[in-house]
Amino acid sequence: MIISWNTTRACNLNCKHCYRDAGQKEANELSTEEGMKLLDEIARAGFRIMVFSGGEPLLREDIYDLVAHAKRRGLVPVFGSNGTLIDARVAKRLKEAGAVRMGISIHSATPDFHDEFHRSPGSWQAAIDGVKYCLEAGLEVQLHTTVTEPNYDEVERITDLAVELGAAAHHVFFLVPTGRGKDLAEDMLNATRYERLLHRILEKQRQVKIELKPTCAPQFMRIARQKGIPMRFTRGCLAGTSYCVIIPNGDVNPCPYLYLKVGNVRETPFDEIWREAPVFRQLRTLHFGGRCGTCDYKEICGGCRARAYYYTGGDYMAEDPWCLYRAGVQAAGGLATGAAGGGAG
């Protein structure tokens, strides 16, 4: 199981797509003591992968202490970072504290689009340097790319960059219009281009040894099965079933893009929230609405619960509107999604 803690809303950048609308630190962010207690409760709940993210988690002065405590509790500390604050000293301290892997955002194979997307000249090169410092310190790295129309055609080139740099993985995120990402709604992919890109990513997986993983794109599991591509993952959307997020003030949400408070760790121990929260219990039923509820691939896909929530105005159990799958039917653009693609029983 995997969990994310948005440790702070503070950030040194002002990225266009930021789901947390990060920038300024919130006055009511969890303290070091509260963070330590939270990590204890996360371990008690049975989680294994502990993602420290933000904002920019490296802006927390206590981040090394938190990582070390997570490690002591048997968690595997990993990061989601913009990478620009990582130098040789920071990378060494992270490694010594117990960090295992750094997820660093790279949205283009060259600087121009990335720097414009982050609204920060020089941020691409600083992130690339951060990748190299991490690898030199013995920290694994995975690249994170958020896809919109402007960088749709270069996803594979970013994968090639990840291979060239020595990264262990390339995770491709699909924009859900939350936070500042709402302003990018016109740059979001449509359903056909989304499906087509999933096919491209999985075909690229055949060609490279590093791990490629579409994120906020649970249909990749269905397509991988249709193509006969083995995956180590067991399910697409993990929200509320084996994943959730804690935001800076201690609220618990099913995922970073589904702004739905299910509890607060200052009021209720996290392990109790994880076990008892009605929203989580409902998500675990897999009793989805519409086509998601009757889909052949419900058990391994689950549809994107955040997209369902966003497009219906609040129904997180509704069908995922981006899915083209119809049992026994060819999708638009000749993409096989039903029996013709090896999927329907």
Side-chain angles (χ1 to χ4, degrees), residues 11 13-22 80 82-83 103-121 123-124 127-128 142-162 169-205 207-208 212-220 222-223 236-237 255-259 301 303-312 319-325 331-337:
C11 190
L13 300 181
N14 185 33
C15 306
K16 290 182 175 181
H17 66 296
C18 182
Y19 64 83
R20 194 54 64 205
D21 194 14
N82 62 46
I104 295 179
S105 297
I106 299 289
H107 303 297
S108 180
T110 54
D112 289 349
F113 173 75
H114 178 102
D115 288 359
E116 190 269 337
F117 201 53
H118 280 197
R119 293 194 276 219
S120 178
S123 59
W124 184 88
I128 295 294
Q142 65 187 42
L143 300 194
H144 291 169
T145 299
T146 295
V147 179
T148 56
E149 281 294 342
N151 63 347
Y152 176 82
D153 291 326
E154 64 169 326
V155 171
E156 293 92 337
R157 292 199 296 276
I158 304 172
T159 297
D160 292 338
L161 175 63
H170 181 203
H171 287 199
V172 181
F173 291 73
F174 289 79
L175 182 70
V176 178
T178 57
R180 286 198 292 272
K182 290 180 180 178
D183 296 332
L184 295 178
E186 63 182 19
D187 286 337
M188 290 178 63
L189 309 183
N190 62 34
T192 299
R193 286 172 70 76
Y194 163 72
E195 176 100 2
R196 193 174 299 279
L197 182 53
L198 292 180
H199 280 265
R200 284 168 44 197
I201 291 169
L202 289 168
E203 287 301 322
K204 186 68 172 178
Q205 181 68 89
Q207 303 166 23
V208 298
L212 305 186
K213 182 182 184 296
T215 302
C216 305
Q219 287 80 15
F220 86 91
R222 179 249 305 165
I223 296 171
C237 182
C255 88
Y257 307 97
L258 207 174
Y259 288 4
C301 172
C304 178
R305 298 299 99 212
R307 275 199 299 267
Y309 185 82
Y310 173 79
Y311 284 104
T312 62
E319 68 178 46
D320 182 345
W322 274 24
C323 185
L324 294 180
Y325 177 72
L335 300 177
T337 61

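Please read these numbers as outputs of a predicted model, since none were measured by experiment. If you read the sequence from its start, that first residue is 1, and numbering goes on from there.
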Passes salt bridge (charged side-chain N to carboxylate O under 4.0 Å, His left out), Asp320 versus Arg305? Steps please. CA-CA 7 Å; Asp320 182 345; Arg305 298 299 99 212; 6.0 Å; no
Quickly, which of Tyr194, Phe174, Tyr310, Phe220 forms a ring pair (Phe, Tyr, Trp, His ring centres under 6.0 Å) with Trp322? Name it, please. Tyr194
Pairing residues for Phe113 by the ring pair (Phe, Tyr, Trp, His ring centres under 6.0 Å) criterion, not counting sequence neighbours: Phe117
Salt-bridged, Asp187 to Lys16, with N to O below 4.0 Å? no
Closest heavy-atom pair and its distance - [X], [Y]:
X: Met188; Y: Glu149; answer: O-CG, 4.1 Å
X: Gly80; Y: His144; answer: CA-CE1, 4.5 Å
X: Pro218; Y: Cys304; answer: CG-N, 3.4 Å
X: His170; Y: Val155; answer: CE1-O, 3.7 Å
X: Tyr257; Y: Thr178; answer: O-CG2, 3.3 Å
X: Leu198; Y: Pro214; answer: CD2-CB, 3.6 Å

Quick check: does any side chain N or O of [X] sit under 3.5 Å from a backbone N or O of [Y], one acting as donor and the other as acceptor?
X: Asn151; Y: Thr146; value: yes
X: Gln205; Y: Leu212; value: yes
X: Arg307; Y: Cys216; value: yes
X: Arg119; Y: Asn14; value: yes
X: Arg180; Y: Cys15; value: yes

Taking the cut-offs as 6.0 angstrom to the six-membered ring centre and 45 degrees off its axis, would you call Arg200 and Tyr152 a cation-pi pair? yes
Set out, in order, the CA-CA distance, both residues' side-chain angles and the distance that settles side-chain contact (heavy atoms from CB on, under 4.5 Å) for Asn82 and Ile104, then state yes or no. CA-CA 5 Å; Asn82 62 46; Ile104 295 179; over 6 Å; no
Any residue meeting side-chain hydrogen bond (donor to acceptor under 3.5 Å, both in side chains) with Glu154, in chain and number order, not counting sequence neighbours: Ser108
Can you name the residues that form a side-chain hydrogen bond (donor to acceptor under 3.5 Å, both in side chains) with Ser105, not counting sequence neighbours? none
Got a second to check how far Gln219's CD is from Arg222's CZ, nearest 0.5 Å? 6.0 Å
Got a second to check how far Thr148's OG1 is from Leu189's CG, nearest 0.5 Å? 7.5 Å
Determine whether Leu161 and Ile106 make a side-chain contact, defined as any pair of heavy atoms from C-beta on separated by less than 4.5 Å. yes
Is there a side-chain contact (heavy atoms from CB on, under 4.5 Å) between Cys323 and Glu195 once you walk through the steps? CA-CA 8 Å; Cys323 185; Glu195 176 100 2; 5.6 Å; no
With under 30° as parallel and over 60° as perpendicular, where do the rings of His114 and His107 fit, or are they tilted in between? parallel
Taking it one step at a time, do Thr215 and Val172 satisfy side-chain contact (heavy atoms from CB on, under 4.5 Å)? CA-CA 6 Å; Thr215 302; Val172 181; over 6 Å; no
Criterion side chain to side chain donor-acceptor pair (under 3.5 Å) on His171 and Thr145, from CA distance to verdict: CA-CA 6 Å; His171 287 199; Thr145 299; over 6 Å; no
